[in-house]
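Worth saying up front: this structure is predicted, and the values here are computed from it rather than measured.
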Amino acid sequence: MFSIYILTYNEELDIAACIESAMLSDDIIVVDSCSSDRTVEIANRYPIRVVQHAFESHGRQRTWMLESIPPKHEWVYILEADERMTPELFAECKKASQSPDYIGYYVAERVMFMNRWIRYSTQYPRYQMRLFRHGKVWFTDYGHTEREVCDGATGFLKETYPHYTCSKGLSRWIEKHNRYSTDEAQETLYQLEQGNINWRELFFGKSEVERRRALKDLSLRLPARPLLRFIYMYFLLGGCLDGGAGLAWCTLQAFYEYLILLKVWEMKYLPKPDLNIKATLAQETTQQVQCATSETTRADAV
């Protein structure tokens, strides 16, 4: 058996289905970033642990979670609210966790968009570190997301998990990626100034993860990135085979890339806006106090 962490923030539309898909495990821990909707209320209906912690970044949230909330089992799986655990994946995870050869495993996602699996234009199989031995994997920030640091050998699972990336509607997707683009713009500036391209991993990387990350570092330095990304996804990866949903997906990704470039230009050449610093700090302090006040852990016998 292994424990399952579920990361949430305003996930009242997804959290029930996500928890129910994970109930194959006898230790489920919802780590909520102080949601303002009914996420915690819904999660508390289930015999699981629910913990709230103010969000700082994706990498820091995962690190805090792993350090502060001890799991029941030696192995853990990280699940997000718009993802689902499948019985087939659960069975493979149980079997993989018994192997002494690896301390963690990458799992590929199946992006679900407009009621369809986006098979081609999402670089499938695109792997994420999800199953690992507790205490052997940590996370650092990279752009809007995170990257893992592994203390030992890692492997890959065959089974995949569905990722309902637009389950809360297109407006929520655009809002979320507007926030993400700011972090990506900051990371882009940092990489252009201090980063480099790992040509060896780009051409001879041992895994899809190494090759994909090297390709991203290269893409940051290419001209006309939004157009190139659309051509790469729609034509070279075969997004045209994903039908109308594939065309919409590739267009949204090109738009996202363009938004990142615009924010890079803004950060480089426009002065920072004159914000009301005191009001901002007061708002952040209030949020942290509210979160700390409502921070609870509920563990029921399964």
More than 12 heavy atoms from other groups under 6.0 Å of [atom1] on [X]:
X      : atom1 : result
Arg213 : CZ    : yes
Phe156 : CZ    : yes
Lys168 : NZ    : yes
Asn115 : CG    : no
Tyr180 : OH    : yes

Polar contact flag, side-chain donor to acceptor under 3.5 angstrom, [X]-[Y]:
X      : Y     : answer
His163 : Asp82 : yes
Lys72  : Ser3  : no
Asp37  : Thr39 : yes
Glu159 : Thr86 : no

Looking only at non-hydrogen atoms, find the nearest pair between [X] and [Y] and report the distance.
X      : Y      : answer
Pro223 : Leu228 : O-CD1, 3.0 Å
Thr154 : Cys150 : CG2-SG, 3.9 Å
Arg221 : Asn196 : NH2-N, 3.6 Å
Ser121 : Ile118 : OG-CG2, 3.0 Å
Gln61  : Ser33  : NE2-OG, 3.1 Å
Cys34  : Gln52  : CA-NE2, 3.5 Å

If we only count heavy atoms from C-beta on, is the [X] to [Y] side-chain gap below 4.5 Å?
X      : Y      : result
Tyr46  : Ile28  : no
Leu202 : Asn198 : no
Phe113 : Asp242 : no
Arg62  : Val31  : no

Any donor-acceptor pair under 3.5 Å linking the side chain of [X] with the backbone of [Y]?
X      : Y      : result
Arg38  : Glu12  : no
His144 : Arg179 : no
Asp141 : Gly59  : yes
Asn178 : Ile174 : no
Ser99  : Ala96  : no

Look at Asp183 together with Lys263 and state whether they make a salt bridge at an N to O cut-off of under 4.0 Å.
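Not counted as a salt bridge, because no side-chain N and carboxylate O are separated by less than 4.0 Å.
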
Between CG of Asp26 and NE2 of His73, what distance do you get to the nearest 0.5 Å?
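So the gap between those two atoms works out to 3.5 Å.
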
Quick check on the hydrophobic clustering: are [X] and [Y] connected, directly or via other members, by side-chain heavy-atom contacts under 4.5 Å?
X      : Y      : value
Ile197 : Tyr190 : no
Met233 : Leu218 : yes
Ile260 : Trp249 : no

Check the angle between the aromatic planes of Trp173 and Tyr256 and answer parallel, tilted or perpendicular using the 30° and 60° thresholds.
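Trp173 vs Tyr256 ring planes: perpendicular.
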
Relative to the ring of Trp117, is the ring of Tyr124 parallel (under 30°), tilted (30 to 60°) or perpendicular (over 60°)?
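Answer is perpendicular, since the angle exceeds 60°.
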
Exercise answer: donor-acceptor pairs, residues 127-138 side-chain atoms, under 3.5 Å, sequence neighbours excluded:
| from | atom 1 | to | atom 2 | distance (Å) |
| --- | --- | --- | --- | --- |
| Arg130 | NH1 | Ile78 | O | 3.1 |
| Arg130 | NH1 | Glu83 | OE1 | 2.5 |
| Arg130 | NH1 | Glu83 | OE2 | 3.4 |
| Arg130 | NH2 | Glu83 | OE2 | 3.0 |
| Arg133 | NH1 | Glu74 | OE2 | 2.4 |
| His134 | NE2 | Leu66 | O | 2.8 |

If the test is side chain to side chain donor-acceptor pair (under 3.5 Å), which one of Glu208, Glu148, Arg126 qualifies with Tyr106?
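The passing option is Glu148.
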
Please lay out, stage by stage, how Lys216 and Glu201 fare under the test salt bridge (Lys or Arg N to Asp or Glu O under 4.0 Å).
CA-CA 11 Å; Lys216 180 171 183 177; Glu201 291 188 355; over 6 Å; no

Tell me which pairs pass ring pair (Phe, Tyr, Trp, His ring centres under 6.0 Å) where either residue lies in residues 195-232, with sequence neighbours left out.
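Of all non-adjacent pairs touching residues 195-232, those that pass ring pair (Phe, Tyr, Trp, His ring centres under 6.0 Å) are Phe230-Tyr234.
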
